[in-house]
Structure formats: structure tokens, C-alpha cells
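Indexing begins at 1, ligand by ligand and atom by atom, following the structure's order. Because the structure is predicted, anything quoted here is derived from the model rather than measured.
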Amino acid sequence: MEDSSAAELLARVRVHGHLPRHVAIIMDGNGRWARERFLPRPIGHRSGMKAVREVVEGSVQAGVEVLSLFAFSQENWHRPESEVSALMSLLEEYVAREADELHAQGVRVQVLGDLDRLTPAAASAVGQVVGMTSGNDKLLLNLFISYGSRAELARAARRLAEEVAAGRLTPEEIDESRFESQLYTFGIPDPDLLIRTSGELRISNFLLWQVAYTELYISPLLWPDFTRRELFTAIVDYQNRDRRFGRVTA
Ligand code: FPP
């Protein structure tokens, strides 16, 4: 696999056929990528946009149904003001630059997270691409922005508590599927494969409920260096795993 080209790996992915329906990615290492080059951190984030394009196109090529990208966490709001505003501008720029191409490729974009905190310009940019691509069905691209999994879980609990308080629901009716119905990801299959770049072995408050049985793949590459070839490598690795979901092999 070390020397295989992207095209060879894609052919292997297709021949195997047992695809992950949903791939989630923690895009990590933009800051280190910039530091290694004595560049400011926002330049690392900007370089990360190319890798986003790579994995979107790669997912379409491979036939993945859902791609979830952790683009901005709730914790990221605590970064220096200059970096936060650079990330917000980058989000607007990404949408402006990629919207037509995403639409042409049949990608439906969804933005998930606490969107009330976005700058009005960023909120309007993402609103436009979400509206424009809403009829597409080739790939669902979930951009998680201002997202934290614990906050998502607390929000779900609060919404169910409100239903109970209003007399529309009894505590006994709260089961896993009822709980899931209050998550941002309701209706989307759980991730089959979670990729994290930059060699870190952490989930970092991303989709804690949803990754209960997800296969993990850690890439040593820093995010701006990630390409569709690495995506296909991760998928081939996934295809060779034995998923048991807590049961025994048949
Ligand atoms: C983590 O690297 C990355 C982020 C906080 C932002 C991810 C954003 C992008 C890839 C760019 C744009 C993408 C979209 C979809 C608009 P880090 O800064 O934590 O890196 P470090 O751990 O090396 O410091």
C-alpha cells in the first residue's frame, strides 16, 4: 500500500465494495504545519482548504454517502481573536470559492453546530450554500462549525426535558432512538470510519454519542498534507477490519 497511487487505491476500494457509508474527519495539524515553515497559523488553515477539496472529491469518487468534517469546535472560540476571525473569513472564502463546484459535483452541504455564534457574514455565506445545494444527493457534506459534542448532548437532554415539562412526553418514553432524534445528526447513519490527522490519539469532543462503534484511523500526516490518496488508504484499512458491534463473529 505504501507505494500505491491514488488511482490504484481507489480501484482497490471499489473492488472490495464494502464501503464506509459515513466517514468523519478531525482535521488536525494546521498550526504545526505552519510552524514547521515559520508561517503564521492562519496560513496553515488556508492550506488546509486544499485538503478539504481533496477529501470531498475523493469521497465522491469512492462512493461514500456522508462526509463529516470537524471545521471549528466550540473550544476554538477561545483561540486568539485574530485566529478566530481568520477562521471565520476562511469559512466565507471556502463557501464563495467552492459552492459552485460542490453543487456541480452533486454535494449537499449541511452546517451543524451552534450557528448563533457565527459572524453574520459567515452565517449568511453558509446559509447560501446550504440552500443552493439542498436538492443534491451524491454526497452529504456535514461541516461541523462551533460544534461540541457535550454541548450537543446537553442540548438534547434539555429539549427532551422541555417536552416532559410540557406534558408531551413521559420519562419512560425516552430511549436511545428518542434521544438521537434531538441530535444534530438525526437521520444520518453513524460514522463507520473516523479519521484523525497529525497522529493525535484523541476524540476531542467530536460526535461522542455517534462514534460508539466507529472504526478509528489515525494518520500521522498534518492536515494540509492530507490527500485523497490518504483517504483511500484509510478506507482500504477499514475494509480489512472485522466489525462486531460487541457481538461475536458469525
Ligand atoms: C486544527 O488544526 C484545525 C482547525 C482548528 C480548523 C480546520 C479548518 C480548516 C481545515 C480550513 C477550512 C475548512 C473549511 C471547511 C472552511 P490546529 O490549528 O489545531 O493545528 P495544531 O494542532 O497543529 O495547532
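- When each of Leu67, Leu102, Val107, Leu141 is checked for a side chain to side chain contact (heavy atoms under 4.5 Å, CB included) with Val60, only Val107 meets the rule.
- Judged purely by distance below 3.5 Å, without hydrogens or angles, the side chains of Asn136 and His103 pair a donor atom with an acceptor atom.
- Distances from atom 7 (C) of ligand 1 to the heavy atoms of Ala71, Gly44, Ser204, Ala122 show the closest one on Ala71.
- Neither the backbone nor the side chain of Phe72 has any atom closer than 4.0 Å to an atom of ligand 1 (non-hydrogen atoms only).
- Listed by number with element, the atoms of ligand 1 under 4.0 angstrom from any heavy atom of Tyr94 are 16 (C).
- Using a 4.5 Å heavy-atom cutoff, the side chains of Phe226 and Leu231 are in contact.
- The ligand atoms of ligand 1 that sit less than 4.0 angstrom from a heavy atom of Arg41 are 17 (P), 18 (O), 24 (O).
- The Trp223 neighbourhood of ligand 1 comprises atoms 10 (C), with distances under 4.0 Å to a heavy atom of that residue.
- With 3.5 Å as the limit, one finds no donor-acceptor pair spanning the side chains of Gln182 and Arg155.
- The shell of residues lying under 4.0 angstrom from ligand 1, judged by heavy atoms, excludes Arg35.
- Of the protein's heavy atoms, Met49 CG, 3.8 Å lies nearest to atom 12 (C) of ligand 1.
- For ligand 1, the atoms closer than 4.0 angstrom to any heavy atom of Gly31 are 17 (P), 18 (O), 20 (O), 21 (P), 23 (O), 24 (O).
- Looking at Asn142 and Gln110, their side chains do bring a donor and an acceptor atom within 3.5 Å of each other.
- Among Val56, Val84, Asp28, Leu143, the residue whose heavy atom sits closest to atom 15 (C) of ligand 1 is Leu143.
- Both tests pass for Arg37 against the ring of Trp33: distance under 6.0 Å to the centre and angle within 45° of the axis.
- Looking at Arg32, Arg79, Met27, Arg53, it is Arg79 that brings a heavy atom closest to atom 17 (P) of ligand 1.
- Atom 11 (C) of ligand 1 has its closest protein heavy atom at His45 O, 3.5 Å.
- The protein heavy atom nearest to atom 13 (C) of ligand 1 is Val52 CG2, 3.9 Å.
- Ion pair Glu93/Arg46 flagged as a salt bridge, since at least one NZ, NE, NH1 or NH2 atom sits closer than 4.0 Å to an Asp/Glu carboxylate oxygen.
- Aromatic ring centres of Tyr147 and Phe72: separated by at least 6.0 Å.
- Residue contact check: Asn76 has heavy atoms under 4.0 Å from atoms 5 (C) of ligand 1.
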